[in-house]
Amino acid sequence: MRKIVFVVPSLKTGGGNRVFFELANCLSAQYEIDIIYPNNSDEGNTFNVEFKIQIKTIGIKSNSKLQKIRNIKKTIAFVNQNYKDIPIIVSDPIFCLFIKEFKDKQNIYRFIQADDYSIFDHNHIFNNFVLKKIYKLMCKKSYKEKINYIFNSKFTYDAYLEISRRTDIPYKLVYPAVNHEIFCNQNNPIRESGNSICVVGRRHKWKGLKTFQFALEQMPEDILSSITNIYVISNDDLSEFQFPKQVQIIKPKSDTEIAEYYNKSNIFVSTSWWEGFGLPGLEAMSCGCAVITSDSKGCREYAFDKKNCLCFEPKKVNQCIACLIKLIENPDLQKSLSNQAEKDSFAFSWQNSAKQLIGIIIR
């Protein structure tokens with residue numbers, strides 16, 4: 001085996017795409033890597049991509065949902081025609097609804113990085129009951145396919161088993177990880193000059209950004225006024241959110257810029273209702289932030305309450321506020337949590353994750 005193919009839904013910045021691009025970068029030194037995607041989005045990304053990686057766009061660009069489905073099917077047809085006896089690694093819940101159309105089933109690896117069955121329960125993509133019901137039926141059916149499965153956490157594995165009711169699927173794990181050359185503690189002096197908070201903001205309801213907004217609104221005035229800067233990192237349209245004057249919306253152009261704002265921050269906050277893994281929290285740990293995170297289940301792979309972070313129950317605004325006050329009023333606790341978190345983050349490297357993947361797909 002000298003070639004590996006990654007099939008992605010688009011090139012836009014996102015946790016699932018990041019995993020594939022980082023794995024591809026690591027593996028490109030030893031393998032030919034192709035990344036294939038349907039021409040369904042103009043959104044850019046912040047990823048570094050090794051020059052040897054071949055990126056191929058399939059289909060005609062259109063805003064039509066029907067054309068987007070055609071592009072997905074054309075992408076699958078392209079893979080079927082051009083790659084035989086080659087590992088094909090596929091993620092994305094929408095793409096995987098059509099996974100039965102891949103011909104070389106023994107070389108198809110579905111990399112499940114979220115609770116695919118529930119991912120659109122609170123999402124604008126399927127905004128009516130009928131469409132949501134159809135998606136769930138198709139997703140459940142796709143879980144029965146006789147292909148290979150990879151998971152990014154125990155949470156996603158358990159969620160898959162609960163819906164699929166299968167007992168024949170082993171727990172094959174490939175962790176997301178951190179590029180420690182980019183996401184590292186630069187000991188930024190800005191961090192020492194006051195309390196600064198950072199959050200990665202997404203407009204999807206289940207990402208919980210409203211929890212953060214409400215926490216700021218209900219924060220005691222003396223605590224809020226002690227916060228020098230609040231950075232919301234996002235390329236989404238966040239116009240529906242109302243934030244206090246300290247908030248700066250950061251639209252990063254690169255991972256280096258994201259890491260820069262982590263390094264300007266004392267505290268990183270994650271508010272998701274659930275996550276397959278929750279990569280930004282781990283990246284912030286690697287940059288030296290004291291992390292507050294909702295118990296999003298996937299983050300349990302690296303986040304340990306009162307040891308390397310503070311955890312709160314998802315959607316509980318009062319608990320989020322209590323964690324923020326606790327860290328703001330206790331710099332020593334900030335320091336001890338961030339020190340331990342930074343050490344723990346080094347257990348997660350893309351090189352190790354690439355070895356996990358190769359150990360699964362080489363037979």
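Atoms considered below: every heavy atom in the structure, side chains included; atoms not considered: hydrogens, waters and symmetry mates.
- For the 3.5 Å distance criterion, the side chains of Gln246 and Asn229 fail to qualify, holding no donor opposite an acceptor.
- With respect to Lys132 and Asp121, no salt bridge is recorded, no charged nitrogen being found less than 4.0 Å from a carboxylate O.
- Grouping the Ile, Leu, Val, Met, Phe, Trp and Tyr side chains by contacts below 4.5 angstrom, directly or via other members, places Phe268 apart from Leu209.
- For the 3.5 Å distance criterion, the side chains of Asn71 and Asn39 fail to qualify, holding no donor opposite an acceptor.
- Without hydrogens or angle criteria, Tyr109 side chain to Pro87 main chain gives no donor-acceptor distance under 3.5 Å.
- The number of heavy-atom neighbours closer than 6.0 Å to NZ of Lys316, taken from other residues, nucleotides and ligands shown, is 12 or below.
- Side-chain contact annotation: Thr57 with Tyr37, donor-acceptor N/O pair under 3.5 Å present.
- For Lys56, the NZ atom counts as densely surrounded, since its 6.0 Å shell holds more than 12 non-hydrogen atoms of other residues, nucleotides or ligands.
- Annotation: Lys251, atom NZ; neighbour count of heavy atoms from other residues, nucleotides and ligands within 6.0 Å is above 12.
- Distance check: Leu137 CG to Cys139 SG gives 10.0 Å after rounding to the nearest 0.5 Å.
- The CG atom of Leu97 sits 11.0 Å away from the CD1 atom of Ile134 when rounded to the nearest 0.5 Å.
- Note that the CD atom of Gln113 and the CG atom of Leu279 stand 9.5 Å from one another [nearest 0.5 Å].
- Using cut-offs of 30° and 60° for the angle between ring planes, the Trp206 and Trp274 rings count as parallel.
- With values rounded to the nearest 0.5 angstrom, Ile325 atom CD1 is found 5.0 Å from Ile223 atom CD1.
- Close placement of the Tyr149 and Tyr160 rings is indicated, their centers lying within 6.0 Å of each other.
- A donor-acceptor contact shorter than 3.5 Å is absent between the side chain of Lys105 and the backbone of Ile147.
- Arg110 and Ser142 form a side-chain donor-acceptor contact under 3.5 Å, judged by distance and modelled atom types alone.
- Enclosure of atom CD in Gln81 is not indicated, since only 12 or fewer non-hydrogen atoms of other residues, nucleotides or ligands lie within 6.0 angstrom.
- Inspection of the Ser349 and Asn352 side chains reveals an N or O donor paired with an N or O acceptor under 3.5 Å.
- With sequence neighbours excluded, no residue satisfies salt bridge (charged side-chain N to carboxylate O under 4.0 Å, His left out) with Asp92.
- Stacking of Lys136 on the aromatic ring of Tyr117 is recorded, both the 6.0 Å distance cut-off and the 45° axial limit being met.
- A 6.0 Å sphere centred on NZ of Lys100 holds no more than 12 heavy atoms belonging to other residues, nucleotides or ligands.
- The number of heavy atoms from other shown groups lying within 6.0 Å of NZ (Lys264) is above 12.
- Residues His180 and Ser345 have side chains in contact (heavy-atom distance under 4.5 Å, counting atoms from C-beta outward).
- For Ser286 (side chain) and Glu283 (main-chain N/O), no donor-acceptor pair under 3.5 Å exists by modelled atom type.
- Pairs of residues two or more places apart, or lying in two chains, that qualify as ring pair (Phe, Tyr, Trp, His ring centres under 6.0 Å) and include a residue from residues 281-316 are Phe277-Tyr302.
- A donor atom on one side chain and an acceptor atom on the other are found under 3.5 Å apart for Ser272 and Glu275.
- A donor and an acceptor atom, one from each side chain of Asp344 and Asn308, are located under 3.5 Å apart.
- Atom OG of Ser91 and atom CZ of Phe6 lie 11.0 Å apart (nearest 0.5 Å).
- Counting heavy-atom neighbours within 6.0 Å of Lys355 NZ, excluding the residue itself, gives a total of 12 or less.
- A donor atom on one side chain and an acceptor atom on the other are found under 3.5 Å apart for Asp115 and Ser118.
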- Item | Worked verdict on Gln334 versus Asn330 for side chain to side chain donor-acceptor pair (under 3.5 Å) | CA-CA 6 Å; Gln334 272 190 45; Asn330 193 336; over 6 Å; no

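- Ser254 meets the side-chain hydrogen bond (donor to acceptor under 3.5 Å, both in side chains) test with no other residue; sequence neighbours excluded.
- Electrostatic pairing of Lys154 and Glu301 does not count as a salt bridge here, judged by no charged N lying under 4.0 Å from a carboxylate O.
- When atom types are taken as modelled, the side chain of Glu257 and the backbone of Lys253 share a donor-acceptor pair closer than 3.5 angstrom.
- Residues Tyr83 and Asp34 bring a donor and an acceptor atom of their side chains to less than 3.5 Å of each other.
- Here the side chain of Ser265 pairs no donor or acceptor atom with the backbone of Ile267 at under 3.5 angstrom.
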